[in-house]
Amino acid sequence: MCVAVAVLVAGTVWLCASSAGFMEGPYGGYRVQDVDVNKLWTTAGSNGWRASSAPRSYWPSPPAETNGYLRVRCNGGLNQQRSAICNAVVAARIMNATLVLPELDTNSFWRDKSLPGIMSKGKTKKLKAHKIVPPRDAPLSWYTTLALEEMKKYGAIYLTPFSHRLAEDIDDPELQRLRCRVNYHALRFKPHIMKISNEIVNKLRSEGHFMSIHLRFEMDMLAFAGCIDIFTPEEQKILIEYREKNFAKKILVYRDRRIIGKCPLTPEEVGLILRAIGFDNSTRIYLASGEIFGGDRFMSPFRAMFPRLDNHSSVGPEKLEENTRGLAGSAVDYMVCLLSDIFMPTYDGPSNFANNLMGHRLYYGFRTTITPNRKALAPIFMDREEGHVTGFEDRVRLVMFNTHFGGPHKRIHPESFYTNSWPECFCHMNPMNPSDKCPSDDPHDVIGGQLQNEEIEDVDLKTTDNIESTTQIEETMI
């Protein structure tokens with residue numbers, strides 16, 4: 001798997017609060033109908049906030065003596081495994097353990113299962129890791145007690161599966177910043193992924209601004225959500241069989257699910273939202289998605305409203321290797337969405353791709369993100385389907401402009417830390433609270449400058465020295 005990331009930060013933010021159809025921000029207050037959609041293509045002043053995951057207090061190097069070896073198996077998709085790696089680094093840090101290169105699903109050449117031999121009674125004995133299934137969202141105390149005791153007993157432990165096995169809410173802000181250093185600085189995609197992504201972004205930008213949309217209208221998500229009534233009997237059968245095979249048994253009523261915002265937006269609904277906001281048919285859109293379930297029957301209305309659609313296959317400079325198309329394609333989609341002027345997730349729910357991207361864009365300069373409130377929009381769309389179209393676009397705009405557009409905002413459960421690492425992984429240039437002050441010698445400046453170059457130019461050997469020097473700084477921080 002090509003893990004990784006890049007991050008630039010030089011920040012800007014659109015702080016947006018809305019009440020009764022009014023939006024407050026750096027541009028003042030005005031009625032929704034007077035909003036200039038062109039302002040969504042840019043970012044406003046950050047009010048002094050910028051991304052920073054450098055330690056704010058004494059961060060000692062790990063002790064010379066390790067308590068043992070930690071192996072983990074990162075299961076799930078690309079972004080779920082990414083989060084698991086970040087969690088594994090935190091777990092190893094608090095246990096004072098040596099982290100063995102994590103095992104990644106669907107990537108056999110990363111499966112480094114080697115552990116060093118140990119001396120016992122004058123002989124070298126192979127060290128075997130004791131297998132443990134960690135509880136979901138385990139607290140730090142589980143790792144520093146039960147897991148650590150087993151590690152000291154056996155010399156090595158193997159945690160599998162390891163996705164979502166460390167609680168996201170941690171009271172220690174330094175450990176949260178460690179997560180950000182791993183996620184946004186240490187992890188990065190392989191050069192050929194960055195090269196393809198940059199070429200796509202440059203091509204799209206050559207004609208002006210472009211928007212990326214994660215269209216999560218795919219079989220697995222529709223089956224998971226239980227939103228099947230809009231499909232043909234044959235398609236419903238496919239979804240029901242997929243759900244029975246892959247998810248827990250549960251009676252789900254389509255209308256009930258939809259009214260609480262649990263159904264993914266249809267492509268047509270996405271188009272209607274964009275048109276209501278004020279985007280016209282000249283808007284260039286990059287689609288990040290798998291195969292749209294129901295095919296052209298659902299895509300045609302969206303394409304009629306917004307014909308300038310692209311994906312990594314249509315605009316990419318080269319075809320991705322067939323045997324890695326899914327994984328490599330997801331990595332390219334991630335980077336193009338990260339660098340796009342506007343990003344719109346259509347189903348954030350359990351989507352690790354959308355959630356991680358929103359957090360990355362927040363860290364990467366508060367880039368504009370349009371996040372539909374599906375629960376608030378559901379009755380509006382349902383009224384429209386019943387023929388009540390009066391005031392439809394005004395109602396949609398009232399919902400859509402009552403959001404923060406990717407600006408800093410308080411994290412409220414169930415929002416993930418990986419979706420919103422503010423304020424732990426941010427600092428203020430002139431803070432009212434001393435704990436928010438930006439640290440000196442912040443390597444963010446080095447990394448941000450380097451990533452800015454990577455966004456503009458193709459990755460080549462000339463950047464190797466800079467990458468190595470930056471990596472050395474990151475390693476000392478981790």
Side-chain angles (χ1 to χ4, degrees), residues 77-79 211-243 246-247 252-277 279 283 285-314 325-326 329-330 333-334 336-337 340 342-358 369-378 380-382 384-385 396 399-400:
L78 178 72
N79 291 281
M211 172 192 302
S212 62
I213 296 178
H214 186 222
L215 198 55
R216 198 65 169 95
F217 200 72
E218 300 153 340
M219 180 175 64
D220 63 332
M221 191 54 65
L222 290 164
F224 171 81
C227 302
I228 66 173
D229 288 28
I230 60 175
F231 297 99
T232 66
E234 293 78 11
E235 290 167 341
Q236 289 187 26
K237 182 180 178 181
I238 293 172
L239 292 174
I240 291 172
E241 290 178 351
Y242 186 92
R243 177 170 180 83
N246 295 280
F247 304 115
L252 301 176
V253 180
Y254 170 68
R255 182 179 177 85
D256 294 344
R257 298 288 288 171
R258 190 179 183 194
I259 203 69
I260 61 174
K262 295 298 183 181
C263 289
L265 294 171
T266 68
E268 182 180 18
E269 289 170 343
V270 174
L272 291 170
I273 290 170
L274 294 177
R275 193 166 66 181
I277 292 175
F279 294 101
T283 305
I285 297 174
Y286 179 90
L287 287 180
S289 67
E291 182 177 355
I292 301 301
F293 192 74
D296 201 57
R297 185 172 86 257
F298 287 94
M299 280 301 297
S300 291
F302 181 58
R303 191 178 294 110
M305 286 182 275
F306 296 94
R308 301 186 68 193
L309 302 179
D310 284 302
N311 57 31
H312 63 247
S313 296
S314 65
R325 182 177 57 82
S330 180
D333 281 347
Y334 186 96
V336 174
C337 289
S340 63
I342 296 173
F343 171 62
M344 181 178 179
T346 61
Y347 193 73
D348 47 332
S351 173
N352 292 293
F353 182 95
N355 288 330
N356 284 18
L357 257 172
M358 287 190 283
T369 300
I370 299 175
T371 312
N373 183 333
R374 295 187 307 280
K375 184 176 181 180
L377 289 167
I380 303 174
F381 283 118
M382 295 170 82
R384 180 179 181 274
E385 291 164 8
V396 171
V399 172
M400 293 305 300

Can you tell me if [X] uses its side chain to pair, donor with acceptor, with the backbone of [Y] under 3.5 Å?
X	Y	value
Ser212	Tyr286	no
Thr346	His214	yes
Glu218	Gly290	yes
Asn356	Asn79	yes
Asn311	Ser314	yes
Arg257	Lys262	no

Might you point out which heavy atoms bring [X] and [Y] nearest each other, and give the distance in Å?
X	Y	answer
Leu287	Met299	CD1-CE, 3.9 Å
Pro372	Pro345	CD-O, 3.2 Å
Pro264	Met221	CG-CG, 3.9 Å
Tyr242	Ala223	CD2-CB, 3.7 Å
Tyr347	Cys263	CE1-C, 3.9 Å
Val270	Met344	CG1-CE, 4.1 Å

Quick one: does [X]'s side chain get under 4.5 Å of [Y]'s, heavy atoms only?
X	Y	answer
Phe353	Ser330	yes
Phe302	Ile213	yes
Leu239	Phe293	yes
Leu272	Val396	no

Exactly one of Arg275, Arg384, Arg374, Arg258 should register a salt bridge (Lys or Arg N to Asp or Glu O under 4.0 Å) with Glu269. Which one does? Arg258

Got a salt bridge between Asp229 and Arg255, using NZ or NE/NH1/NH2 to carboxylate O under 4.0 Å? no

Please assess Thr232 against Arg297 for the test side chain to side chain contact (heavy atoms under 4.5 Å, CB included), listing each intermediate value before the final yes or no. CA-CA 11 Å; Thr232 66; Arg297 185 172 86 257; 4.0 Å; yes

Flag if over 12 foreign heavy atoms under 6.0 Å of CD, Glu291: no

Does Met358 form a side chain to side chain contact (heavy atoms under 4.5 Å, CB included) with Thr371? I'd like the steps, not just the answer. CA-CA 9 Å; Met358 287 190 283; Thr371 312; 3.9 Å; yes

Can you measure from [atom1] ([X]) to [atom2] ([Y]) and round to the nearest 0.5 angstrom?
X	Y	atom1	atom2	answer
Cys227	Asp256	SG	CG	10.5 Å
Ile380	Ile273	CD1	CD1	9.0 Å
Glu235	Ile238	CD	CD1	6.5 Å
Asp220	Asn246	CG	CG	8.5 Å
Leu265	Phe217	CG	CZ	9.5 Å

Taking the six-membered ring for Trp and the single ring otherwise, decide whether the centroids of Tyr254 and Phe231 are under 6.0 Å apart. no

Are the aromatic ring centres of Phe306 and Phe279 under 6.0 angstrom apart? no

Evaluation steps, side chain to side chain contact (heavy atoms under 4.5 Å, CB included), between Arg308 and Thr283: CA-CA 7 Å; Arg308 301 186 68 193; Thr283 305; over 6 Å; no

